Amino acid sequence: MPELPEVEVVRAGLAPAVTGATVAGVEVVDARALKRHVPLAGDDGLGGHGVSLTAEAGVPRIADFERRLTGALLGAPARRGKFLWIPLSPDEALLAHLGMSGQMLLRSHDAADDRHMRVRLWIEHPDHGELRLDFADQRLFGSLALDGLVPTADGFAAGRGTDLAVLPGQAAHIARDPLDPAFDDAGFIAGLRRRGVAVKSAILDQTLISGVGNIYADEALWRARLHPEAKANAVSARKAAELLTHLREVFAKALAEGGTSFDAQYVNTNGQAGYFAHSLNAYGRGGAPCPRCGTAIRRIPFAGRSSHFCPRCQRRR
DNA sequence: CATATTTCCTGCCTGC
DNA sequence: TGCAGGCAGGAAATAT
């Protein structure tokens with residue numbers, strides 16, 4: 001459920017508290033929250049290289065994560081699409097993906113445990129004192145990892161919150177998001193129109209455009225009056241440009257309202273919900289009248305989830 | 001190569 | 001009241 005606006009709310013909330021802070025302690029409560037963490041190959045005592053990675057069974061994933069993170073100095077949090085990272089050094093970062101229910105919560109040392117708390121960092125900030133940064137995740141689709149930083153393909157700054165042209169290796173294949181000043185509009189339009197899949201599938205593909213999930217895909221398609229199952233390669237260049245504009249507008253509006261919260265799963269770093277759910281026109285509104293024409297919004301199965309659209313405003317061609 | 005399907009996971013909600 | 005089943009969803013892995 002966290003898509004670009006929700007992850008950006010989290011990034012902005014973390015920035016003042018973590019930038020310049022030191023990690024005083026790390027506690028991994030549930031190793032499943034480290035799904036993406038690849039432990040460094042241990043010192044084999046033979047003076048080995050130390051750069052090779054392994055995910056072989058037997059490597060103490062939790063211990064590796066805790067050991068490498070403890071004592072680290074945290075840089076400014078950065079984001080591309082739904083991927084969030086906090087640099088630890090010029091070549092390493094703490095990478096976070098919230099999945100559907102991940103939360104990054106800033107708490108005082110003596111605050112009660114949040115439900116589904118999986119990983120805890122005790123941090124010390126020179127100006128703000130001691131805090132806990134708790135990663136909570138009900139459905140465990142999210143994860144934390146330590147990952148190497150690699151150069152961006154285009155040489156521009158990697159994403160929101162950073163001026164550096166490096167990003168975690170695990171996020172290197174992700175396209176820029178539409179709020180990124182270095183986003184390639186023409187490349188997106190051409191790429192979209194080259195695909196034989198449904199237009200909704202295309203905008204959910206994070207290698208074409210990042211940050212879009214089911215909610216904002218439905219909202220942008222509603223705004224652009226495009227049927228979710230229309231073939232991407234049948235969308236005109238003009239319409240594709242319009243769709244991009246609508247994605248930017250809906251992201252900006254949702255961001256201004258603190259993101260979309262349907263249940264207790266999406267919250268900011270203080271555990272508070274956003275307000276954009278009240279502004280949705282299509283998503284989650286099956287059977288309700290289209291705000292534009294009054295026709296009942298239709299809900300249809302789509303790739304194991306649902307699409308919501310107006311059958312009158314959004315024709316298949 | 002491009003596209004489609006499966007997998008991971010918990011908790012809420014519905015229907016019997 | 002209990003319990004099975006459906007649903008929610010991002011992205012990597014696997015299959016076609």
Side-chain angles (χ1 to χ4, degrees), chain A residues 1-8 10 29-38 53 55 61 79-85 95-104 113-119 135-145 147 167-177 190-220 228-234 247 251 254 259-267 273-274 276-277 280 282-287 299-308:
Chain A
M1 191 172 311
E3 303 180 30
L4 186 150
E6 293 76 34
V7 182
E8 175 56 22
V10 172
V29 173
D30 191 328
R32 293 175 299 176
L34 298 185
K35 215 171 299 188
R36 292 161 176 268
H37 179 65
V38 182
L53 301 175
R61 178 181 303 242
R79 179 193 57 75
R80 173 184 290 202
K82 306 170 198 171
F83 284 80
L84 182 65
W85 67 93
L95 174 65
H97 195 293
L98 303 180
M100 325 194 12
S101 53
Q103 306 173 333
M104 299 283 263
D113 271 10
D114 288 278
R115 233 180 142 190
H116 311 302
M117 208 281 291
R118 312 291 188 186
V119 180
F135 178 71
D137 188 8
Q138 179 201 101
R139 274 160 268 191
L140 289 164
F141 275 30
S143 67
L144 300 183
D147 198 13
L167 79 171
Q170 291 185 34
H173 64 296
I174 298 300
R176 290 181 179 278
D177 63 65
L192 181 83
R193 303 184 66 231
R194 215 180 289 130
R195 299 189 180 220
V197 298
V199 63
K200 179 167 171 177
S201 299
I203 61 174
L204 287 172
D205 181 347
Q206 307 296 303
T207 66
L208 178 65
I209 183 171
S210 68
V212 185
N214 207 36
I215 297 173
Y216 296 104
D218 281 359
E219 290 302 302
E229 292 174 329
K231 289 281 185 268
N233 56 17
L247 280 165
F251 276 161
T260 300
S261 304
F262 272 103
D263 51 26
Q265 297 315 316
Y266 165 67
V267 294
F276 192 71
L280 296 172
Y283 183 84
R285 299 192 64 249
R299 175 181 168 212
I300 61 171
F302 167 83
R305 43 189 69 91
S306 296
S307 285
H308 312 76

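The structure displayed is predicted, hence computed values, not measured ones. Reminder, nothing fancy here: chain letters follow the sequence lines and each chain counts from 1.
- Just one of A/H37, A/Q170, A/R36, A/R118 meets the side-chain hydrogen bond (donor to acceptor under 3.5 Å, both in side chains) condition when paired with A/S143; it is A/R36.
- Residue contacts shown for A/G142 are absent, as no nucleic acid heavy atom lies under 4.0 Å away.
- Contact annotation: A/H97 side-chain N/O to C/dA11 OP1/OP2 distance is under 4.0 Å.
- Between A/I174 and A/F83 there is a side-chain heavy-atom pair separated by less than 4.5 Å.
- Atom-to-atom, CG of A/L98 to P of C/dA11 comes out at 10 Å; the value is rounded to the nearest Å.
- Counting any heavy atom pair closer than 4.0 Å across all strands shown, A/F83 reaches sugar-phosphate atoms only and no base atom.
- Atom CG in A/D137 sits roughly 11 Å away from atom C1' in C/dG10 (whole-Å rounding).
- A/L208 places its CG atom 14 Å from the C1' atom of B/dA2, with the value rounded to the nearest Å.
- In this structure, A/L98 and A/E6 have side chains that are not in contact, with every pair of non-hydrogen atoms separated by 4.5 Å or more.
- In this structure, A/H173 reaches the C/dA12 phosphate: one of its side-chain N or O atoms is under 4.0 Å from OP1 or OP2.
- Rounding to whole angstrom units, CG of residue A/L84 and P of C/dG10 are separated by 17 Å.
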Nucleotide by nucleotide, nucleotides 6-13 of chain B touches protein heavy atoms under 4.0 Å in the pattern (B base, S sugar-phosphate only, - none) --BBBSS-
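- Two residues are said to be in side-chain contact when any heavy atoms from C-beta on lie closer than 4.5 Å; A/F135 and A/Q103 fail this criterion.
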Any chance you could lay out the salt bridge (Lys or Arg N to Asp or Glu O under 4.0 Å) test for A/K82 and A/D177, step after step, and finish with the verdict?
CA-CA 9 Å; A/K82 306 170 198 171; A/D177 63 65; over 6 Å; no
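- Atom CD1 of A/I300 and atom C1' of C/dC7 are 16 Å apart (whole Å).
- An end-to-end axis angle of 50° holds for the helix from B/dA2-C/dT16 to B/dC16-C/dG2, taken from five base pairs per end and rounded to 10°.
- In this entry the distance linking CG of A/L4 with P of C/dA11 reads 11 Å, nearest Å.
- Put simply, the side chain of A/L95 does not reach to within 4.5 Å of the side chain of A/L144, judged on heavy atoms.
- Residues A/R195 and A/D205 meet the side-chain proximity criterion, which asks for heavy atoms closer than 4.5 Å.
- Per the geometry, CZ belonging to A/R299 stands 14 Å off P belonging to C/dG6, to the nearest Å.
- A/E229 places none of its side-chain heavy atoms less than 4.5 Å from the side chain of A/K200.
- Side-chain proximity of A/S306 to the nucleotides C/dG10, B/dT3, C/dA8 is greatest for C/dA8.
- Atom-to-atom, CG of A/D205 to C1' of C/dA12 comes out at 13 Å; the value is rounded to the nearest Å.
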Does the salt bridge (Lys or Arg N to Asp or Glu O under 4.0 Å) test come out yes or no for A/D137 and A/R32, once each step is laid out?
CA-CA 10 Å; A/D137 188 8; A/R32 293 175 299 176; over 6 Å; no
